[in-house]
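The structure appears right after this line, and notes come after that.
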There are 4 protein chains.
Amino acid sequence: MSAILDAAIRVLDREGADAMTTSRVAEVAGVSVGTLYQYFGNRDAILHALQDREFERATTMMMRVLLEAGGVAEPRVARSVIEELLKLYRAAPALHRVLAVEGLRVTDSERVQAFDLRIVTVIRSFLMLGGAALKPRNLDAAAFVVYQSVRASMLAYLLEQPAGVDDATLVDELSALVSAYLIGT
Amino acid sequence: MSAILDAAIRVLDREGADAMTTSRVAEVAGVSVGTLYQYFGNRDAILHALQDREFERATTMMMRVLLEAGGVAEPRVARSVIEELLKLYRAAPALHRVLAVEGLRVTDSERVQAFDLRIVTVIRSFLMLGGAALKPRNLDAAAFVVYQSVRASMLAYLLEQPAGVDDATLVDELSALVSAYLIGT
Amino acid sequence: MSAILDAAIRVLDREGADAMTTSRVAEVAGVSVGTLYQYFGNRDAILHALQDREFERATTMMMRVLLEAGGVAEPRVARSVIEELLKLYRAAPALHRVLAVEGLRVTDSERVQAFDLRIVTVIRSFLMLGGAALKPRNLDAAAFVVYQSVRASMLAYLLEQPAGVDDATLVDELSALVSAYLIGT
Amino acid sequence: MSAILDAAIRVLDREGADAMTTSRVAEVAGVSVGTLYQYFGNRDAILHALQDREFERATTMMMRVLLEAGGVAEPRVARSVIEELLKLYRAAPALHRVLAVEGLRVTDSERVQAFDLRIVTVIRSFLMLGGAALKPRNLDAAAFVVYQSVRASMLAYLLEQPAGVDDATLVDELSALVSAYLIGT
DNA sequence: AATGAATGAGAATTCATTCAT
DNA sequence: AATGAATGAATTCTCATTCAT
């Protein structure tokens, strides 16, 4: 039930990851723990569902931006993706924090499931489509490095609110970073 | 006592973050919990101490590399720092994972203490010294973005061991990323 | 509804006593929990119904065997009853295990209801009918001891499958035990 | 700690098996749950410890009785063992009930550990020592059947307090049962 | 200073039972 | 009569922290 997922995000963002206990989520969702367990077999299932939702949102967004750009890799496209991603992250920073943290905790068997790896695969295929405009690069590594860079910077920006950096600056610099690296501009 | 810190790292890297309980650390260190609490008032104090030690190592390393390079910002310098950083991370990936994770959990009052922010400050001053060779940039943002990018990529690389990326590739791509962004090469 | 009782036995024997939850029984029976509660006011009511069914089967079987033997107490009769009982137990060992366990849990007020006590009463009346052929005994105690002995041995045999004992051996030894005790042969 | 084991028995006998929760045992023992878990890694460990203690008591008792009898198998010996066993059972009927119940729940891997099987082995070796006086029997089956019979009758007697049976009668009949079966008297 | 037994709040999870539809 | 989502008390187990020795 999406009420439970929404409650989980709310708890995550307002009270922190430690507060995301099954009881607290149930309480905030306005249901009993029992009900929560009817929908999610265990605590992790909630995070998995959240991950799937976010993964879909991010993927959809990237596809939309790329389609609007006509499939051409340009600084403009990178900037659009980064802007949209910032919106996605801002909607639930703590969720993305948890997703990132859990991604790094992933065990071999679950590896393919991790948010990280799924997104990197999507980015990799975008880079392949970008074609001639891009500098020649090891696609695996480039997709990996670009994703980690953007994700980490955005996340740390939202959670730490470092002095001297605001939304516009962050988008500018991340766009510059990615464009310089991938396109050479 | 550094025996306790070493034990903490050992537990962290061999048994995972969840296993780093105060009792387990004490056990591995060969002391009693009571003794551990004599040196570290609470669990977090251990992490703080670990953070300080890592911070010092990283800072020292960067200074050394920069001095050896004669204070000039060049791709070669970026690559050296990245290579050295990889060594530091590889020595205790799980420690750096925890440091990263905890850094993002930081509350306002402790903000200045976080590993992240301290390192960004150091990097910022390096960028200032780099002088004319560098593209003009918002220093705060540039230091921030560069640090987060390198740190996240390195950490994810060590913990996730993504397919298609090895040490050399990672160093190459991170160097390219940073150089293209800061120097334009 | 006997579909529910059959489901309960199936669950009991295939999945164990712990798995016999009301939901699981309902599921296996192909009805909803709600429906189950329409027929059985609470979980225990299912066990009571099961007990009644088993009690009737055992009683009927014993009567049939005794009638076929012409009402005379002989080793041959004891053996027949034991053989038939083994069949009954083998059809649903876990059920009989639960019945035995629950019988021992019985509270004062429900005492008369317990499978144990009901069966012992039936056996007692068989012994009375046996007449002159039997050694003189305290009938209450004899019925009690004989029943407990046969039941426990059979149950443990089916559930533990002890080394060195098979169907034939068990029937032989139990027959010898009972005959020696009651008839002196 | 034996205070915990004693508390477990007290709870078992006064409040029933269901009441034997870790918290309740800790409470009755006058310690915290945490302390309980320091001594017993999990709930079952308590039962295992109890089992070991009872096993040792029963074994010691049987050896003592047999030694006193000079190693000869006679009705008198059987009666003594039965009398002593009744004392042991009476001291904690609910404990023996649980031990019996758990014995039947035993899985393959733990089989050898079960109270039942351990005791049967001991009895088997007593029967071997009994020598010429005994009727020829399949030792495995005889030990098994005798143990189950005595145990079940005694337990049901203590827990159900069946009408028409008292201590003396029970001992008489069980002695008669065992003697008739094993010795032919 | 060192010890480590004791603490107990708190977390995840289960399941008999109810009741509105 | 049937349904099955919702309930929530109860249970097991963990671990940071304390304190008497």
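From a predicted model like this one, the values you see are computed outputs, not experimental measurements. Only heavy atoms go into these numbers, but all of them, side chains included; no hydrogens, no water, no symmetry mates. Convention: sequence-line order gives letters A, B, ...; per-chain numbering from 1.
The nearest whole Å value for the distance from the CG atom in D:Asp18 to the P atom in E:dT14 is 19 Å. The distance from atom CD of C:Glu27 to atom C1' of F:dA2 is 17 Å, rounded to the nearest whole Å. Between the CD atom of A:Gln38 and the C1' atom of F:dA5 there is a distance of 6 Å, given to the nearest Å. Taking atom CD1 of C:Ile4 as the reference point, atom P of F:dA1 lies 13 Å away to the nearest angstrom. Spacing between atom CG of D:Leu36 and atom C1' of E:dG8 amounts to 13 Å, rounded to whole angstrom units.
Applying the side chain to side chain contact (heavy atoms under 4.5 Å, CB included) rule to D:Ala45 yields the partners D:Phe40, D:Asn42; only residues at least two apart in sequence or on another chain are considered. Every side-chain hydrogen bond (donor to acceptor under 3.5 Å, both in side chains) that B:Arg24 has, sequence neighbours left out, goes to B:Glu15, B:Glu27. Partners of B:Asp6 according to the side-chain hydrogen bond (donor to acceptor under 3.5 Å, both in side chains) rule, which considers only residues two or more places apart in sequence or in another chain, are B:Arg53. With sequence neighbours left out, the ring pair (Phe, Tyr, Trp, His ring centres under 6.0 Å) criterion links D:Phe55 to no other residue. With sequence neighbours excluded, the residues satisfying side-chain hydrogen bond (donor to acceptor under 3.5 Å, both in side chains) with B:Ser32 are B:Thr35. Taking C:Tyr37 as the reference, nothing meets the ring pair (Phe, Tyr, Trp, His ring centres under 6.0 Å) condition, with sequence neighbours excluded. For C:Ala3, the side chain to side chain contact (heavy atoms under 4.5 Å, CB included) partners at least two apart in sequence or on another chain are C:Met1.
Residue-level contact check: A:Phe40 touches neither bases nor backbone, having no heavy atom under 4.0 Å from any strand. Using a 4.0 Å heavy-atom cutoff across all strands shown, D:Met1 reaches sugar-phosphate atoms only and no base atom. Among the heavy atoms of the strands lying under 4.0 Å from D:Thr35 is at least one base atom, whether or not backbone atoms are also near.
For C:Ser32 and F:dT3, the shortest distance from a side-chain N or O to OP1 or OP2 is below 4.0 Å. The phosphate of F:dA1 (OP1 or OP2) has no side-chain N or O of C:Tyr39 nearer than 4.0 angstrom.
A stem is defined here as three or more consecutive Watson-Crick or G-U pairs, each with both distances under 3.5 Å; for DNA chain E these stems are E:2-21 with F:2-21.
For B:Thr21, whose side chain is taken as the heavy atoms from C-beta onward, the closest listed nucleotide among E:dA5, E:dA12, F:dA16 is F:dA16.
When all heavy atoms of A:Ala7 and A:Val25 are compared, the pair lying nearest together is CB-O, 3.6 Å.
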Could you run down the sub-3.5 Å N/O contacts of the protein with nucleotides 17-21 of chain E?
unit_1: E:dT17; atom_1: OP2; unit_2: C:Tyr37; atom_2: OH; d: 3.1
unit_1: E:dT17; atom_1: OP2; unit_2: C:Arg43; atom_2: N; d: 3.0

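For the atom pair CG of B:Asp116 and CD1 of B:Ile119, the computed distance is 8.5 Å after rounding to the nearest 0.5 Å.
Nearer the 5' end of DNA chain E, as judged by each residue's closest nucleotide, is the contact made by D:Val31, out of D:Val31 and C:Met20.
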